[in-house]
2 protein chains.
Amino acid sequence: MDKRRFNANKEEAEQKVERVTDKTPAPARRPLTLRDVSEASGVSEMTVSRVLRNRGDVSEATREKVLEAAKRLGYVPNKIAGALASQRVNLVAVIIPSLSNMVFPEVMTGISEVLDETPLQPVVGVTNYKPGREEKVLYEMLSWRPSGVIIAGLEHSDASKAMLKAAGIPVVEIMDTDGEAIDAVVGISHRRAGRKMAKAILKAGYRRIGFLGTKMPLDHRARKRFEGFTEALAKEGVEIADQEFYEGGSALAKGREMTETMLTRTPDIDFLYYSNDMIGAGGLLYCLDKGIDVPNQVGLAGFNGVELLDGLPRQLATMDACRSEIGRAAAQIIATRAEAPEGEGGKERIELTPKIETGDTLKRR
Amino acid sequence: MDKRRFNANKEEAEQKVERVTDKTPAPARRPLTLRDVSEASGVSEMTVSRVLRNRGDVSEATREKVLEAAKRLGYVPNKIAGALASQRVNLVAVIIPSLSNMVFPEVMTGISEVLDETPLQPVVGVTNYKPGREEKVLYEMLSWRPSGVIIAGLEHSDASKAMLKAAGIPVVEIMDTDGEAIDAVVGISHRRAGRKMAKAILKAGYRRIGFLGTKMPLDHRARKRFEGFTEALAKEGVEIADQEFYEGGSALAKGREMTETMLTRTPDIDFLYYSNDMIGAGGLLYCLDKGIDVPNQVGLAGFNGVELLDGLPRQLATMDACRSEIGRAAAQIIATRAEAPEGEGGKERIELTPKIETGDTLKRR
DNA sequence: TCGGTGTCTGTTAGCGCAAACATACAGAAA
DNA sequence: TTTCTGTATGTTTGCGCTAACAGACACCGA
């Protein structure tokens, strides 16, 4: 009333009336609670709760009465209250760096496949490869008291690690196994993957090898692949002949550009190793455009094994990162531990082995 | 004591001792609560709560004491309890059909950009284009009592619509404006987009036009584009010369296959309209492989304007679907209404206008 | 001196639900 | 008959937090 009067001092008295009548028809309904359903069906709240959760014995007659009332009212249980009362929150926090590069959506698919069979539900948080954001996202997630955390990578800020340890819930670090885990790990060794590819390239007879990738201060997995790669080359007395890094933009286009740059700058290059398939595909398209003989004049390889590659004019050599398997295995660990008697199991470590797919861009011998 | 005694009657007395000592070293810590912080800092729970939420007046000295204690203990507030007590849940449910096709991640980016400036947080649910799953995901989401819902498309089951209406929270349907909205809408008219492309193609002089797309009983937006497309052609007395649909698999590869199929079956085709850029790109690669003169012998066009296209040998003609703008606008509506005095605003309707990007695969005149 | 006016801190109650513990009652067993 | 089952329902309590209100205290001017 008081506020209204205030406004009325101005010029819009009539208009206001309009607006008010305009609002009145709105339902303005207080959100439904168990009590509403209980009253509508003539049983206690507890019985309604039992029916809706399918727990405990309830006679068929009551069950039907309750379900009918719930449906008629359009009641949706309040999980906030339920979770607080039962001390169980069936959420799994999934923290990943990005959704836009094809790899994490596939991990998510694997996770969902497994969790769909359980009462657990994934909730995604995206960090954009920034440790600061990771910390914030993690904090937000943990404040919902999830049943478990699946988080990409082994590198986290001290604060993040502390939170994960203190949370007292299963934590699965995924994608990477090169490093020390907080709890469980599922992934591949990127260092080993880099080495493996290096060996395959050398074995195929290439010697003037260029590397093209992301600027990777924060992409630890790409860095580890690079390290493993150069290390294995060094063991055979080979050094990277040239390298080129990019940031942002369309990966396919960047792959093209970088390839052009490198082949111009170092014309005797005979192999291009790309840190992901997208830029690899760009490079491949560039080479084909220019009439470069792939794989004889120049060989190419990428990383990830993304589905996209199937549609390219040639099959790019790559290495499957086992994305959906990783998702499935991680989800499985969380699901198992969530059911376990408490403090059960622990520190699982699953290292998957990526396989080279030779495709058409790596000479066979 | 009593229970112990019970078990002791059996044979495992000594083992039990072992097990107990085995468990004892485990932290077995009860999750931290406000009370723990309150005791550690010597103030009331309420004061701790005020400090952690930056609300109300607290002296600098107490504030520091509390923050120190909270950090030292590693306390993370329990949002479940907070939300229940305050009746405010700063979550926005975002319900989309898929994450793996480049379009929704970009919408998500737009949403996040806007929500990052607010206390709101997006939570994603994926339906895989299945109405049944949409219903389930929606129910799950609503049971967390979010502050708003952003949901793709205008077609929902009756149950879903009922839930959305009954929820009493802002609902923004995104991507599509061809149909009746529950509350607010942000999107483009796909029917109009189809018509626009048809007109452009006809104007460029093409007449034997093929359509390639997804099997679309459930992809309503693709269907609407198709309808608009054929309708505009019909107006000029042109009929679709051939059509081909796919399901699943690598879109790029499918684009290739379908293009081959169609050009073989109907060799006099002079234009291929693809329902998305990915299959369009596959078609383009196929044509270039076969030495087909693009755009003179055959013209091509896709839909979406995905970044990927930048790296192709030719620029595929396409139409930008305004994905991140849609995300931003939708999030803005939710954010504004979440702050509004209640029942404020409503039924916003934002129709964006996609622009044709002619690229290199549509003759210019 | 007395309130008055802030500033800071504490107390009480309850959000909506589920765990744990009653209670009621029918039928079976003794 | 009584007692013992078990099934079906209800009651009480509290999850961890915040809104709303209620002190306590210092400081000001009259």
Side-chain angles (χ1 to χ4, degrees), chain A residues 29-67 69-70 73 75-90 119 140 142-147 167-168 342, chain B residues 2-3 29-67 69-70 73-90 119 140 142-147 167-168:
Chain A
R29 51 184 153 2
R30 176 185 40 73
L32 295 167
T33 73
L34 268 189
R35 153 161 267 115
D36 295 297
V37 183
S38 128
E39 281 168 2
S41 54
V43 300
S44 74
E45 295 179 39
M46 199 57 226
T47 302
V48 176
S49 169
R50 280 196 269 255
V51 170
L52 296 178
R53 285 178 302 143
N54 268 317
R55 191 146 310 180
D57 299 315
V58 181
S59 72
E60 195 47 44
T62 341
R63 154 170 267 98
E64 271 170 30
K65 238 182 357 190
V66 169
L67 286 177
L73 297 176
Y75 174 70
V76 177
N78 184 332
K79 284 209 179 163
I80 303 266
L84 185 63
S86 68
Q87 303 283 64
R88 275 184 283 96
V89 182
N90 287 327
E140 290 284 325
L142 290 180
S143 73
W144 291 103
R145 300 289 188 268
S147 299
E342 184 67 39
Chain B
D2 18 280
K3 273 190 187 171
R29 51 185 156 0
R30 177 184 39 72
L32 295 166
T33 72
L34 267 189
R35 152 161 267 114
D36 295 296
V37 183
S38 128
E39 282 168 4
S41 55
V43 300
S44 73
E45 297 178 36
M46 197 56 224
T47 302
V48 176
S49 168
R50 280 195 268 254
V51 170
L52 296 178
R53 285 178 301 144
N54 268 318
R55 191 145 312 179
D57 300 316
V58 181
S59 72
E60 196 47 46
T62 340
R63 154 170 267 99
E64 272 170 29
K65 238 182 353 188
V66 169
L67 286 177
L73 297 176
Y75 173 71
V76 177
N78 184 333
K79 284 210 180 161
I80 303 267
L84 186 62
S86 68
Q87 303 283 62
R88 275 183 283 97
V89 183
N90 286 328
E140 290 285 325
L142 290 180
S143 73
W144 290 103
R145 301 286 188 269
S147 300

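A quick note: this is a predicted structure, and the numbers were derived from the prediction, not measured. Lettering follows sequence order; numbering is per chain, from 1.
Of the residues listed (Asp36(A), Leu52(A), Val66(A)), the one engaging Tyr75(A) in a side chain to side chain contact (heavy atoms under 4.5 Å, CB included) is Leu52(A), and it is the only one.
In this structure, Ser86(A) contributes its side chain and Gly82(A) its backbone to a donor-acceptor pair below 3.5 Å. Side-chain atoms of Ser143(B) never come within 3.5 Å of backbone atoms of Lys79(A) as a donor-acceptor pair (strictly under, hydrogens ignored).
Between the CD atom of Glu45(B) and the P atom of dA19(D) there is a distance of 15 Å, rounded to whole Å. For the pair Arg55(A) CZ and dT9(D) C1', the interatomic distance rounds to 18 Å; values are reported in whole Å. Between Trp144(B) atom CH2 and dC17(C) atom C1' there is a gap of 12 Å when expressed in whole angstrom units. Rounded to an integer number of Å, the gap from NZ of Lys65(B) to P of dC8(C) is 14 Å. Here the P atom of nucleotide dC25(C) and the CG atom of Asp57(A) are 18 Å apart, to the nearest Å. Separating the CG atom of Leu52(B) from the C1' atom of dG16(D) is a distance of 13 Å, rounded to the nearest angstrom. Straight-line distance from the CG atom of Leu32(A) to the C1' atom of dC17(C): 15 Å, rounded to whole Å. Atom CG in Leu84(B) sits roughly 12 Å away from atom C1' in dG14(D) (whole-Å rounding).
The distance from the CZ atom of Arg35(B) to the CD atom of Glu39(B) is 5.5 Å, given to the nearest 0.5 Å.
Comparing Ser59(A) and Tyr75(B), the nucleotide of DNA chain D nearest to each residue sits closer to the 5' end for Ser59(A). In this structure, Ala81(B) and Gly56(B) both approach DNA chain C, and ranking their closest nucleotides by distance from the 5' end singles out Gly56(B).
Of the candidates dG16(D), dG10(C), dC17(C), dC17(C) carries the atom nearest the Thr33(A) side chain, counting heavy atoms from C-beta on. Looking at the side chain of Val58(B), the nearest of the listed nucleotides dC17(C), dT9(C), dA18(C) is dT9(C). Looking at the side chain of Ser49(A), the nearest of the listed nucleotides dC8(C), dC17(D), dA18(C) is dA18(C). Counting only heavy atoms from C-beta on, Arg53(B) has its side chain closest to dA19(D) among dA18(C), dA19(D), dG16(D). Residue Met46(B) has its side chain nearest to dA19(D) when only dA19(D), dC15(C), dG14(D) are considered. Which of dG16(C), dC17(D), dT9(D) sits closest to the side chain of Thr62(A) comes down to dT9(D).
Note on Leu34(A): only backbone sugar-phosphate atoms sit closer than 4.0 angstrom, heavy atoms only; bases stay farther off. Here Arg50(B) lies in heavy-atom contact (under 4.0 Å) with a base. Backbone-only contact: Asn78(A) has heavy atoms under 4.0 Å from sugar-phosphate atoms and none from a base. Residue contacts shown for Arg88(A) are limited to sugar-phosphate atoms, with no base heavy atom under 4.0 Å away.
Close to dA18(C), at under 4.0 Å from its OP1 or OP2, lies no side-chain N or O of Ser86(A). Applying the 4.0 Å criterion to OP1 and OP2 of dG10(C), one finds that Thr47(B) has a side-chain N or O inside that range. One finds a side-chain N or O of Gln87(A) lying less than 4.0 angstrom from the OP1 or OP2 phosphate oxygen of dG16(D).
Few gaps surround CZ on Arg53(B); more than 12 heavy atoms of other groups in view lie less than 6.0 Å from it.
Closest of all the heavy-atom pairs between Lys65(A) and Ser41(A) is CE-O, 3.7 Å.
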